Amino acid sequence: MDRIRRLYDELYTKYGPQGWWPVSGRYHPDDYSYPKTKKQRFEICIGAILTQNTNWPNVEKALINLQKNKLFDAKKILDADEDLLKACIRSAGYYNQKAKKLGIFSQFFIAQNKKIPLRDQLLALWGIGPETADSILLYAYMQPEFVVDAYTKRILLKRKLINENATYDEIKKLFEKNLPKKFELYQEFHALIVEEGKH
DNA sequence: TTCCAGGCAATAC
DNA sequence: GTATTGCATGGA
């Protein structure tokens, strides 16, 4: 069952290294040492929340607004005027819900200090589901947690590697069982899947 | 104009 | 327990 490995090779050959997660609007193919600072880690986390069911260009606009208003910081998000925060993230859609999610996550982020969160801790937060939790762990904390999204399911379905009613955790485990447990590989693979999905 | 994008929680059945 | 619905913007 190394069709998973072959899928990775195929996509990598087709698209090359993707360099996810973008930090300050920049991708960093072949440099897996991100995030380099706590601020960058926080940026990845809020990007993961903002991108829920939304395309990335809309999220980038929101991130730029947050940056301009000096809100790239958990404490500042908590202290920020609610309307200003909502105005900043408006382009990412669902701004009422997402403003609340950013607040809840910011509180958690501060309480965690530098500790790597457990997956269950993230899932217990309002507004963090499995994909966002795994994205945060994989890209912000460099933990080998495979991220499954709508594209992943679609692509595996088309290749008949899963059936229609496969759950999030089943798909996640399919990847994790068939790949070396390396965060760099997981990061690239998920990014390649999204790239393929967009085509 | 309609459709959908790197989901999630609340509600309905 | 599974299925459906609300949340919202911007670009194709």
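Note that this is a predicted model, so its numbers are computed, not measured. Residue numbers start from 1 in every chain, and the chains themselves are labelled A, B, ... in the order their sequence lines are given, proteins ahead of strands.
Applying the salt bridge (charged side-chain N to carboxylate O under 4.0 Å, His left out) test to Glu10(A) and every residue at least two apart in sequence or in another chain returns Arg159(A). For Gln107(A), there are no side chain to side chain donor-acceptor pair (under 3.5 Å) partners at least two apart in sequence or on another chain. In this view, Lys86(A) and Glu82(A) satisfy the salt bridge (charged side-chain N to carboxylate O under 4.0 Å, His left out) rule, not counting sequence neighbours.
Distance noted for atom P between dA8(C) and dT11(B): 15 Å (whole Å).
Judged purely by distance below 3.5 Å, without hydrogens or angles, the side chains of Thr167(A) and Asp169(A) never pair a donor atom with an acceptor atom. For the residue pair Gln40(A)/Tyr34(A), the side-chain donor-acceptor check at 3.5 Å is not satisfied. Between the side chains of Lys98(A) and Thr54(A), a donor-acceptor pair is found at a separation under 3.5 Å. A donor-acceptor pair shorter than 3.5 Å cannot be found between the side chains of Asp134(A) and Tyr186(A). Remark: the Asn96(A) side chain and the Lys101(A) side chain contain no N/O donor-acceptor pair separated by less than 3.5 Å.
A heavy atom closer than 4.0 Å to some atom of DNA chain B occurs in Val194(A), Lys198(A), these being the qualifying members of residues 180-199 of chain A. Near DNA chain C, defined here as any heavy-atom distance below 4.0 Å, there are no residues from residues 125-138 of chain A. Sorted by residue number, the members of residues 43-56 of chain A with any non-hydrogen atom under 4.0 Å from DNA chain C read Asn53(A), Asn55(A).
Residue Tyr94(A) contributes atom OH, which lies 12 Å from atom P of dC8(B) at whole-angstrom precision. Look at CD1 on Ile89(A): it is 16 Å from P on dC7(C), rounded to the nearest Å. Between Leu102(A) atom CG and dC7(C) atom P the separation is 19 Å, expressed in whole Å. Taking atom CD on Glu60(A) and atom C1' on dG11(C), their separation rounds to 15 Å, with Å as the unit. The interatomic distance linking Asn165(A) (CG) with dG1(C) (P) rounds to 16 Å, in whole Å. Protein atom NZ of Lys100(A) is 11 Å distant from nucleotide atom P of dA8(C), rounded to whole Å.
Under 4.0 Å is where a charged nitrogen must lie from a carboxylate oxygen, and between Arg5(A) and Asp9(A) no such pair does. Ion pairing of Glu196(A) with Lys14(A) is present here, as a side-chain N (NZ or NE/NH1/NH2) and a carboxylate O approach within less than 4.0 Å.
Residue contacts shown for Lys98(A) are absent, as no nucleic acid heavy atom lies under 4.0 Å away. Using a 4.0 Å heavy-atom distance criterion, Asn58(A) is classed as a base contact.
When the side-chain nitrogen and oxygen atoms of Arg90(A) are compared with OP1 and OP2 of dC7(C), none of them lie within a distance under 4.0 Å.
The Gln97(A) side chain lies nearest to dG6(C) when the options are dG11(C), dT9(C), dG6(C).
In this structure, Gln18(A) and Gln187(A) have side chains that are not in contact, with every pair of non-hydrogen atoms separated by 4.5 Å or more.
Comparing Pro57(A) and Asn96(A) by the nucleotide of DNA chain C that holds the closest heavy atom to each, the one mapping nearer the 5' end is Asn96(A).
Once rounded to the nearest 0.5 Å, the distance linking CG of Leu118(A) with CG of Leu123(A) reads 10.5 Å.
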